[in-house]
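Side chains included, hydrogens not; waters and symmetry mates left out as well; all remaining heavy atoms used.
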Amino acid sequence: MAEIINGKIVSAKIREQIARDVSDFKTAEGRAPGLAVIVVGDDPASAVYVRNKHKACLEVGITSYQIEFPASISEEELLFKIDELNRDESVNGILVQLPLPKHINESAVINRIDPKKDVDAFHPENVGRIMIGDYSFLPCTPAGIMALLDYYNVTVEGKRCVVIGRSNIVGKPMALLLLERNGTVTVCHSKTRGILEICREADIIVVAVGRKEFLKADMVKPGAVIIDVGINRGADGKLVGDVAFEGVSAVASMITPVPGGVGPMTITMLLQNTVTAARMQKL
């Protein structure tokens, strides 16, 4: 049976250090780092994420600014608010909760955020820096996954790594981070042929496709490390991942559960990015 990679435990340990870093920053600067989260509309999932981010900020001492707009807000008004936050020295990190209403151009919004305050690491400048390995921020989910691998002493160098999914938020940056650690990386997606055989050769598999229990036991090499990024609702209403946990855990050496695996790490990395941004802005 696979060892469980426990994101709750790792997240708690990292947050303890973040709280100490926030305290040190507050002592030196007379204020805590600040994170502004903008949410547009009343999407229930977005509301949950924003509440969780606010609660996490309070836990470590980061000042949280929650900015809510109706779905009817114009793109121009939203961009004006981002400009205002870019100039506000008490705000060190800016995050716009996605998705946005269809009449607002997401790229225009992301591009408007000051790269030094882009704690999601979605701005093209930060994406480019990740590509060349000269970055200050990493997208939160891939950064959290790397922290989990480090905590559990999973060596990437020389390993065959498969990333299933090619999103800008997880798949692409995840592949780059594994490559930076000297893994041999294959990215699989909806057009990939022979995915079964590719996965069977992998030492590490990161699954981020948003398809319930996509990765089955027969796709996994005995002893592989499995990272499940997916969050889906099962027929019974319970959360399940992109990995068929019961079958795969009998084959793998290590595996992340859903919930309690990658999820807790994502917000933790957002907090870490906010502290990093605050320090950078004081240099």
Asks: Would you say V258 and V206 are hydrophobically clustered, going by side-chain heavy atoms of ILVMFWY under 4.5 Å?
Replies: no
Asks: For N168, give me all partners under side chain to side chain donor-acceptor pair (under 3.5 Å), at least two apart in sequence or on another chain.
Replies: K172
Asks: With clusters defined by side-chain heavy atoms of hydrophobic residues (ILVMFWY) lying less than 4.5 Å apart, directly or transitively, does V240 cluster with V262?
Replies: no
Asks: Is it true that K81 and E84 make a salt bridge, defined as a side-chain N closer than 4.0 Å to a carboxylate O?
Replies: yes
Asks: If hydrophobic residues (ILVMFWY) are linked whenever their side-chain heavy atoms come closer than 4.5 Å, directly or via other members, who joins V162 in its cluster?
Replies: I4, I164, I195, L196, I198, I205, V207, V209, F214, L215, M219, V220, I226, V243, F245, V248, V251, I255
Asks: Kindly compute the distance separating CD1 (I231) from CG (D242), expressed to the nearest 0.5 Å.
Replies: 9.5 Å
Asks: Is it the case that the side chain of Q17 and the backbone of I14 share a donor-acceptor pair, with hydrogens and angles ignored and the cut-off at 3.5 Å?
Replies: no
Asks: Using a 6.0 Å cut-off, check whether atom NZ of K26 has over 12 heavy atoms from anything other than its own residue.
Replies: no
Asks: Taking atom types as modelled, is there a side-chain donor on T268 or R15 under 3.5 Å from an acceptor on the other?
Replies: yes
Asks: Side-chain polar contacts of residues 132-143 - donor-acceptor pairs under 3.5 angstrom, sequence neighbours left out - could you list them?
Replies:
residue : atom : partner : partner atom : Å
D134    : OD2  : R129    : NH1          : 3.0
Y135    : OH   : E180    : OE1          : 2.8
T141    : OG1  : T266    : OG1          : 3.0

Asks: Which other residues belong to the hydrophobic cluster containing F25, where Ile, Leu, Val, Met, Phe, Trp and Tyr are joined when side-chain heavy atoms lie under 4.5 Å apart, directly or via other members?
Replies: none
Asks: Would you say CZ of R200 has more than 12 non-hydrogen atoms from neighbouring residues, nucleotides or ligands within 6.0 angstrom?
Replies: yes
Asks: Can you get from V127 to I169 by hopping between Ile, Leu, Val, Met, Phe, Trp and Tyr side chains that sit under 4.5 Å apart?
Replies: no
Asks: Judged by atom type as modelled, is there a donor-acceptor pair below 3.5 Å linking the side chain of D203 to the main-chain atoms of A224?
Replies: no
Asks: Count the heavy atoms belonging to other residues, nucleotides or ligands that lie under 6.0 Å from CE of M280, then report whether that count exceeds 12.
Replies: yes
Asks: Other than Y49, what residues sit in its cluster of Ile, Leu, Val, Met, Phe, Trp and Tyr side chains whose heavy atoms are under 4.5 Å apart, directly or through others?
Replies: none
Asks: Which pairs, with at least one residue in residues 95-115 and sequence neighbours excluded, count as a side chain to side chain donor-acceptor pair (under 3.5 Å)?
Replies: K53-Q97, D83-R112
Asks: Hey, is NZ on K159 packed in by over 12 heavy atoms from elsewhere, all under 6.0 Å?
Replies: yes
